[in-house]
Amino acid sequence: MIKRELYLKKIRSLIGKDIIKVLTGIRRCGKSSMLKLIIDELIEEGINRENIILINFESAKYMDIDSSAKLNKLIKNLICDLKGTIYLFFDEIQNVKNWEKLINSYRIDLDAEIFITGSNANLLSGELATLIAGRYIEIKIYPFSFKESLKLKKEYDSKKHGLKKYDSKKHDLKKFFLEYLKYGGMPLVLQLNPNEKIDYLRDLYNSIILKDIVYRNKIREVDLFDKLIKFLMDNIGHTFSAKSISKFFKSENRIVSRDTIYNYLIFLQDACLIHKVQREDLIGKKILKIHEKYYFTDHGFNETIAGKNTENIAQILENIVYMEFLRHGYEIYVGKINNSEIDFICKKYERTIYVQVSYLLASKKTVEREFNSLLKIKDNHEKIIISMDEVNFSQKGIKHLNIIDFLKSSDF
């Protein structure tokens with residue numbers, strides 16, 4: 001289990017403060033492991049192990065704890081003889097009814113550090129947010145980045161075969177990147193063989209769709225819902241609207257209302273499976289309300305369902321780059337400048353980066369297209385092009401980066 005410093009650094013700064021730490025993210029992206037990493041660090045700092053209480057609501061041990069009353073009874077029994085600060089870790093708390101008021105009461109009544117996780121992006125949009133406004137911080141956890149995957153791969157191989165230095169050999173590094181491009185960064189995937197990877201990702205995908213979306217939202221037309229997801233997978237990197245999706249279904253002799261499509265898209269976002277990216281007009285300086293893009297939290301699901309990651313490399317590269325900037329806390333928009341499109345406008349504090357993503361700058365026409373779009377932007381913010389080329393095409397103040405070098409970098 002590797003230390004995920006990108007998240008641990010944020011969490012360490014919050015310990016000791018009267019703030020509920022809320023970790024959200026897609027199912028099986030590593031939230032439970034993050035809790036264990038935090039617990040390990042607390043024990044290393046001398047915190048009494050008995051004062052640390054971890055409850056995973058997906059464990060058979062706590063399967064009957066499905067209400068706030070039952071949870072409160074359990075916690076009272078566990079803490080009755082404890083002295084000093086108590087560290088409460090609640091994993092997948094959305095499985096407990098009316099948990100919000102109980103968690104808020106623990107913040108008020110107990111000398112406690114509280115950590116909760118959930119697999120729903122909507123976890124904080126309801127009563128909890130109202131009850132503890134200003135008293136919680138959300139840390140969004142994502143599947144492993146390429147850099148984290150590489151680190152875990154080294155750790156895994158060093159235990160199994162002896163250390164293999166992927167980053168010292170370009171061939172091995174590129175080979176591993178192609179594997180990451182195909183199967184994504186869900187933590188367990190790295191330890192499985194190719195057939196097992198697909199089986200695992202398919203089972204995980206079905207679990208997310210059924211448990212976190214279909215059952216929770218009482219979706220009846222599951223086949224229609226599946227078609228929408230496949231449409232999104234086929235159109236990564238393309239802008240479209242609910243109207244264009246509705247036309248797609250109409251071409252397949254299915255009449256689907258725009259409201260239904262909007263609801264389905266929201267359900268997918270709430271389950272942390274997809275992310276919506278709005279467009280920004282760089283001339284009018286306004287956010288456009290139609291024709292968004294959607295990206296998947298983990299592109300490995302695309303290989304499982306559509307089986308085309310190596311055919312649609314340009315789309316998958318764009319998905320990977322989007323998620324990398326998202327991990328590092330950027331607000332991301334699709335840029336529009338006259339008739340040209342900028343793949344990403346990435347904003348964080350005072351920093352803005354304009355980004356174009358291309359598979360290969362294989363022709364003069366491709367080079368001109370990618371560079372000219374960025375050259376139309378007249379401000380002095382950073383402008384970069386990311387591709388799989390190993391030759392550096394940087395020119396006219398625009399930086400060109402090989403995608404592996406970009407993903408290994410920490411300069412965000």
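Quick caveat, the model's predicted, so the values are computed rather than measured.
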State whether Tyr294 and Lys276 meet the cation-pi test: NZ (Lys) or CZ (Arg) under 6.0 Å from the six-membered ring centroid, and within 45° of the perpendicular axis.
no
Value for CD (Glu5) from NZ (Lys10), rounded to nearest 0.5 Å, stands at 12.5 Å
Phe231-Phe249 aromatic ring centre distance below 6.0 Å:
no
Look only at the side chain of Asp91 and the backbone of Thr117, and say whether a donor-acceptor pair between them is shorter than 3.5 Å.
no
Positive for ring-ring contact (aromatic ring centres under 6.0 Å, His included) with Phe406, one of Phe177, Phe146, Phe325:
Phe325
Salt-bridge contact Lys97-Asp66 (side-chain N to carboxylate O under 4.0 Å):
no
Tell me if a side-chain donor or acceptor on Lys383 pairs with a main-chain N or O of His381 at a distance below 3.5 Å.
yes
If you draw the axis of the six-membered ring of Tyr183, does the NZ or CZ of Lys197 fall within 45° of it and under 6.0 Å from the ring centre?
yes
Within the distance-only criterion (no hydrogens, no angle test), does the side chain of Thr297 pair as donor or acceptor with the backbone N or O of Cys272 below 3.5 angstrom?
yes
Please confirm whether the backbone N or O of Gly25 pairs with a side-chain atom of Lys31, one donor and one acceptor, at under 3.5 Å?
yes
Would you confirm whether Asp343, through its side chain, and Gln356, through its main-chain N or O, come within 3.5 Å as a donor-acceptor pair?
no
In terms of relative ring orientation, are Phe57 and Phe90 parallel, tilted or perpendicular, with 30° and 60° separating the classes?
parallel
Testing Glu92, Lys211, Arg28, Arg27 one by one against Ser119 for a side chain to side chain donor-acceptor pair (under 3.5 Å), which residue passes?
Glu92
Would a distance-only check, ignoring hydrogens and angles, find a side-chain to backbone donor-acceptor pair under 3.5 Å from Glu331 to Lys347?
no
The side-chain contact (heavy atoms from CB on, under 4.5 Å) partner of Ile55 among Ile93, Leu71, Leu88, Val96 is Leu71
Heavy-atom donor-acceptor pair, Thr304 side chain to Gly300 backbone, under 3.5 Å
yes
